[in-house]
Amino acid sequence: MEIYNTLTRQKEKFIPREDGKVSIYVCGPTTYNYIHLGNARPLVFFDTIRRYFVQQGFQVKYIQNFTDIDDKIIKRSFEEGLDASIISQKYIEEYYRDADALNVARANCHPRVSGHMKEIIEMIAVLIEKRFAYAVEGNIYFDVSSFPEYGKLSHRSSDEILAGARVEVDPRKKNPADFALWKAARKGEPFWESPWGAGRPGWHIECSAMSLKYLGSGFDIHGGGMDLIFPHHENEIAQSEAATGKLFARYWVHNGFITINQDKMSKSLGNFFLVREILEKFNSLTVRFFLLSTHYRSPLDFDFEKLDASGQGLERLKNSIELLEEAIQKHSSVAIKENDSDFQASLSELKKRFNQAMDDDFNTALAIGIFFEAAKEVNTFLNQNTVMDKADLVKAIELYAYFNSVLGLFKTGPEGKFILDEKPHADDSLVQSLIELLLKVRQEARTKKDWSTADRIRSGLKEIGIIIEDTPDGVRWKLSI
RNA sequence: GGCGGCAUAGCCAAGAGGCUAAGGCGACGGUCUGCAAAACCGUUAUUCCCCGGUUCAAGUCCGGGUGCCGCCUCCA
């Protein structure tokens with residue numbers, strides 16, 4: 001398996017710290033608003049690599065934090081007249097709703113800054129003691145000049161960083177590139193007691209403290225969006241390696257941006273779409289498909305037409321799964337041969353290629369392409385054969401289940417069974433009976449060659465999202481994606 | 001100013017020296033169907049932004065252009 005490491009700017013063979021185990025830390029959201037599509041990309045992507053590691057037999061420890069102490073949360077709390085912790089709590093809950101919709105599993109742990117003040121203060125104390133940090137009027141700053149490797153992740157020297165600095169320099173800092181580890185409390189702001197007085201942590205220290213607490217030095221993968229490379233991750237490295245004297249993280253993985261009309265989607269530009277808004281019009285798994293249909297390091301331009309195309313593509317995969325499941329029902333009595341048919345051999349080949357795609361720096365776009373190739377293979381097989389061996393069909397559905405266990409494009413039930421119709425009430429027995437009744441009436445009309453009545457029922461149902469298909473074996477209905 | 005990325009069909013997109021340039025969406029023609037839908041078959045890039053170069057061989061490597069974007073400031 002090869003992973004592109006931002007630190008070395010090249011793909012490297014993945015060698016975990018501990019055999020058979022992977023430790024991953026992903027920077028999670030600051031909890032002052034609903035997440036937008038740009039936040040969803042790393043969520044879905046890192047969820048996917050986690051799934052892949054699990055499928056490859058790794059024991060995965062996956063940590064994603066919530067930054068629940070931050071200037072923007074405080075600002076919001078002033079605006080709304082609510083306690084900052086209430087704002088955070090609300091958006092953490094809303095985060096989970098979006099993540100669930102996108103089929104993103106919970107991390108093993110979602111640590112919050114507010115719950116780790118002890119670790120943060122301890123870490124700052126160590127940095128002061130080792131003379132990597134200094135205090136000015138209740139603020140603690142990291143002294144960039146004390147850490148010679150500063151800049152190794154973003155590949156620039158402190159001088160370069162200075163040369164391009166567009167930011168107003170805080171006169172209390174020794175060096176303009178120094179950054180705050182601890183900020184003295186200002187009036188009305190939430191604060192915690194520390195050896196340096198009341199205050200709160202700076203932006204970067206929490207990820208260092210929490211990742212080291214849960215994963216330890218030298219953990220495997222640290223991830224996030226490309227805009228975190230500098231300064232956030234650069235500063236994390238400086239703090240952590242200065243404090244521990246050891247390598248902080250082995251592989252740095254950064255996803256590219258979502259753009260809108262080629263411009264970065266960002267909160268500051270105001271050109272963002274909340275996941276919440278998109279889900280009003282689109283299936284959440286269509287959004288997941290869209291996010292995985294481009295390699296994670298490439299920019300991904302968003303518009304609703306592209307989401308439509310993703311929905312169509314997903315529908316095609318879904319149809320193939322349904323066709324296959326029906327065939328399995330139908331051919332359940334056919335005796336199982338223990339042989340390896342050509343069909344099974346080509347399925348194995350597809351699985352191999354799928355894994356090769358994922359092994360090559362998580363090429364989900366290629367992997368999805370292979371899923372489509374499998375769909376064509378399966379559909380053709382289903383079309384061409386009237387008598388089928390159940391072993392072949394089972395092998396095919398297992399392949400689909402495997403692809404899906406990695407990509408998460410469809411929800412699954414307890415035994416890994418596909419749950420394809422997700423809309424509310426689809427399994428409501430009243431809805432079922434009403435549709436059965438309509439279909440019966442339509443069938444009677446068809447028998448009488450009353451095509452206009454039959455077609456009226458079909459088009460009427462289509463308008464409310466129910467697709468009717470007449471097959472040689474009778475009518476079939478399903479919900480559209 | 002410094003650092004970095006990208007440019008492949010109508011659209012999206014894989015592809016990192018060598019069989020006929022994956023796959024999807026869309027479009028068109030066909031099979032099936034009462035008509036549809038789904039599915040299948042066929043067509044849709046003699047060519048990968050432009051110009052040079054290296055090589056027996058280049059979207060793929062090198063040099064030079066052009067265009068777009070990002071980071072250097074809170075941002076995934």
Side-chain angles (χ1 to χ4, degrees), chain A residues 6 9 11 26-30 35-43 45-46 70-72 75 151 154-157 159-168 177 203 223-232 234 254-259 262-269 272 289-290 293-295 297-301 303 305-317 319-320 322-323 353 357 360-361 363-376 378-384 446 449-452 454-455 458-459 462 467-472 475-478 480:
Chain A
T6 306
R9 288 183 175 167
K11 282 187 208 172
V26 179
C27 289
T30 301
I35 61 166
H36 68 240
L37 192 63
N39 301 304
R41 166 120 97 148
L43 260 173
F45 169 67
F46 287 102
D70 169 271
D71 290 354
K72 279 168 298 202
K75 181 167 173 255
S154 52
H155 299 96
R156 46 193 124 190
S157 65
D159 298 347
E160 286 170 349
I161 291 162
L162 282 188
R166 285 180 275 158
V167 82
E168 201 181 324
W203 174 34
M226 271 166 66
D227 47 359
L228 295 183
I229 294 171
F230 190 90
H232 186 55
E234 193 70 72
H254 295 97
N255 61 275
F257 300 121
I258 305 282
T259 59
Q262 321 301 330
D263 284 332
K264 178 182 173 183
M265 177 187 289
S266 81
K267 288 174 184 169
S268 33
L269 290 177
F272 60 89
F289 179 103
F290 172 73
S293 63
T294 297
H295 185 89
R297 282 189 284 117
S298 304
L300 211 198
D301 198 57
D303 66 54
E305 282 82 54
K306 287 169 188 159
L307 220 42
D308 275 326
S310 292
Q312 287 305 116
L314 194 62
E315 179 87 31
R316 176 171 163 77
L317 295 177
N319 284 334
S320 183
E322 283 177 335
L323 255 21
R353 289 209 287 133
D360 183 10
D361 196 28
N363 193 337
T364 56
L366 221 203
I368 289 176
I370 291 161
F371 201 155
F372 278 104
E373 288 185 50
K376 174 155 288 186
V378 167
N379 291 341
T380 301
F381 181 81
L382 260 26
N383 256 351
Q384 288 177 344
R446 292 184 76 215
K449 297 199 191 297
D450 176 4
W451 308 123
S452 75
D455 292 349
R458 184 171 63 194
S459 62
K462 189 177 177 187
I467 308 291
I468 301 302
E469 295 174 1
D470 296 309
T471 77
V475 65
R476 164 164 70 210
W477 72 274
K478 63 176 184 179
S480 61

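Residue numbers start from 1 in every chain, and the chains themselves are labelled A, B, ... in the order their sequence lines are given, proteins ahead of strands.
For the P atoms, the distance from B:rG59 to B:rC68 is 26 Å, rounded to whole Å. For B:rA13 and B:rG17, the P atoms lie 22 Å apart once the distance is rounded to whole Å. Taking atom C1' on both B:rU33 and B:rC40, the two are 14 Å apart, rounded to the nearest angstrom. With both ends at atom C1', the span from B:rG64 to B:rC12 equals 31 Å, rounded to whole Å. Nucleotides B:rG63 and B:rU54 place their P atoms 15 Å apart, quoted to the nearest Å. Rounded to a whole angstrom, the distance from the P atom of B:rC71 to that of B:rC19 is 39 Å. For the C1' atoms, the distance from B:rA27 to B:rG34 is 26 Å, rounded to whole Å. For B:rA14 and B:rC56, the C1' atoms lie 28 Å apart once the distance is rounded to whole Å.
Taking atom CD1 on A:Ile368 and atom P on B:rG24, their separation rounds to 12 Å, with Å as the unit. For the pair A:Glu315 CD and B:rG26 P, the computed distance is 10 Å after rounding to whole Å. In this structure, the CE atom of A:Met226 is 9 Å from the P atom of B:rC71, given to the nearest Å. Atom-to-atom, CG of A:Leu307 to P of B:rG26 comes out at 14 Å; the value is rounded to the nearest Å.
With a 4.5 Å cut-off on side-chain heavy atoms, A:Met226 and A:Asn255 do not count as touching. Using a 4.5 Å heavy-atom threshold, the side chains of A:Ile35 and A:Leu43 count as touching. Counting heavy atoms from C-beta on, the side chains of A:Phe230 and A:His232 never come closer than 4.5 Å. Counting only heavy atoms from C-beta outward, the side chains of A:Leu37 and A:Phe272 never approach each other to under 4.5 Å. Side-chain contact check for A:Lys264 versus A:Asp227: some heavy-atom pair is nearer than 4.5 Å. Two residues are said to be in side-chain contact when any heavy atoms from C-beta on lie closer than 4.5 Å; A:Thr6 and A:Arg297 fail this criterion. Annotation: side chain of A:Arg353 is in contact with side chain of A:Glu373 (closest heavy-atom distance under 4.5 Å). Annotation: side chain of A:Asp361 is in contact with side chain of A:His295 (closest heavy-atom distance under 4.5 Å).
Distance from the side chain of A:Arg316 is smallest for B:rC40 among the nucleotides B:rC40, B:rA38, B:rG34. For A:Asp263, whose side chain is taken as the heavy atoms from C-beta onward, the closest listed nucleotide among B:rG4, B:rA39, B:rC69 is B:rC69. Among the nucleotides B:rG23, B:rC71, B:rC40, the one closest to any side-chain atom of A:Asp227 is B:rC71. In the set B:rC72, B:rG34, B:rC35, the nucleotide with an atom closest to the side chain of A:Trp451 is B:rG34. The A:Arg9 side chain lies nearest to B:rC3 when the options are B:rG34, B:rC3, B:rA76. If you check B:rA76, B:rC40, B:rC72 against the side chain of A:Asn379, the one that comes closest is B:rC40. Listed nucleotides B:rC25, B:rC40, B:rC72 differ in distance to A:Thr380; the shortest reach to its side chain belongs to B:rC40. Nearest to the side chain of A:Glu469, among B:rA36, B:rC40, B:rA76, sits B:rA36. With B:rA38, B:rA76, B:rG2 as the candidates, the nucleotide lying closest to the side chain of A:Pro42 is B:rA76.
Counting only Watson-Crick and G-U wobble pairs whose two key distances fall under 3.5 Å, RNA chain B forms stems of three or more stacked pairs at B:1-7 with B:66-72, B:10-12 with B:23-25, B:26-31 with B:39-44, B:49-53 with B:61-65.
Across all their heavy atoms, A:Ala367 and A:Ala357 have their closest contact at N-CB, 4.0 Å. Contact between A:Gly225 and A:His254 at its shortest, heavy atoms only, is O-CD2, 3.4 Å.
Ion pairing of A:Lys478 with A:Glu469 is present here, as a side-chain N (NZ or NE/NH1/NH2) and a carboxylate O approach within less than 4.0 Å.
Judged by distance alone with a 3.5 Å cut-off, no donor-acceptor contact links the side chain of A:Asp450 to the base of B:rG34. The base of B:rA36 sits with one of its N or O atoms less than 3.5 Å from a complementary donor or acceptor on the side chain of A:Arg458. Checked by distance alone, A:Asp470 brings a side-chain donor or acceptor within 3.5 Å of a matching partner on the base of B:rC35.
Between the side chain of A:Ser320 and the backbone N or O of A:Arg316 there is no donor-acceptor pair closer than 3.5 Å.
Applying the 4.0 Å criterion to OP1 and OP2 of B:rA39, one finds that A:Asn319 has a side-chain N or O inside that range. Look at A:Asn39 and you'll find a side-chain N or O under 4.0 angstrom from OP1 or OP2 of B:rA76. For B:rG34, the OP1/OP2 oxygens have no side-chain nitrogen or oxygen of A:Arg446 closer than 4.0 Å. When the side-chain nitrogen and oxygen atoms of A:Gln384 are compared with OP1 and OP2 of B:rC40, none of them lie within a distance under 4.0 Å.
Mapped onto RNA chain B by nearest heavy atom, A:Lys264 and A:Pro472 fall at different nucleotides, with A:Pro472 at the one closer to the 5' end. Between A:Asp308 and A:Lys267, the residue whose closest nucleotide on RNA chain B is further toward the 5' end is A:Asp308.
Using a 4.0 Å heavy-atom distance criterion, A:Lys462 is classed as making no nucleic acid contact. Within 4.0 Å (heavy atoms only), A:Asn255 reaches at least one base atom of the nucleic acid. At the heavy-atom level, A:Ile258 lies under 4.0 Å from base atoms of the strands shown. Counting any heavy atom pair closer than 4.0 Å across all strands shown, A:Gly223 reaches no nucleic acid atom. Within the 4.0 angstrom heavy-atom criterion, only backbone atoms of the sugar-phosphate kind lie near A:Gly224; the bases stay farther away. Within 4.0 Å (heavy atoms only), A:Ile468 reaches at least one base atom of the nucleic acid. Across all strands shown, A:Phe372 has heavy atoms under 4.0 Å from sugar-phosphate atoms exclusively, and none from any base.
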What does the list of N/O pairs under 3.5 Å between the protein and nucleotides 12-18 of chain B look like, with a distance for each?
residue: B:rA14; atom: OP1; partner: A:His295; partner atom: N; Å: 3.1
residue: B:rA14; atom: O3'; partner: A:Asn363; partner atom: ND2; Å: 2.8
residue: B:rG15; atom: OP1; partner: A:Asn363; partner atom: ND2; Å: 2.6
residue: B:rA16; atom: N7; partner: A:Lys11; partner atom: NZ; Å: 3.3

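Applying the salt bridge (Lys or Arg N to Asp or Glu O under 4.0 Å) rule to A:Glu322 yields no partners; only residues at least two apart in sequence or on another chain are considered.
Shown here, B:rG67 is classed anti by the O4'-C1'-N9-C4 or O4'-C1'-N1-C2 angle, which is more than 90° from 0.
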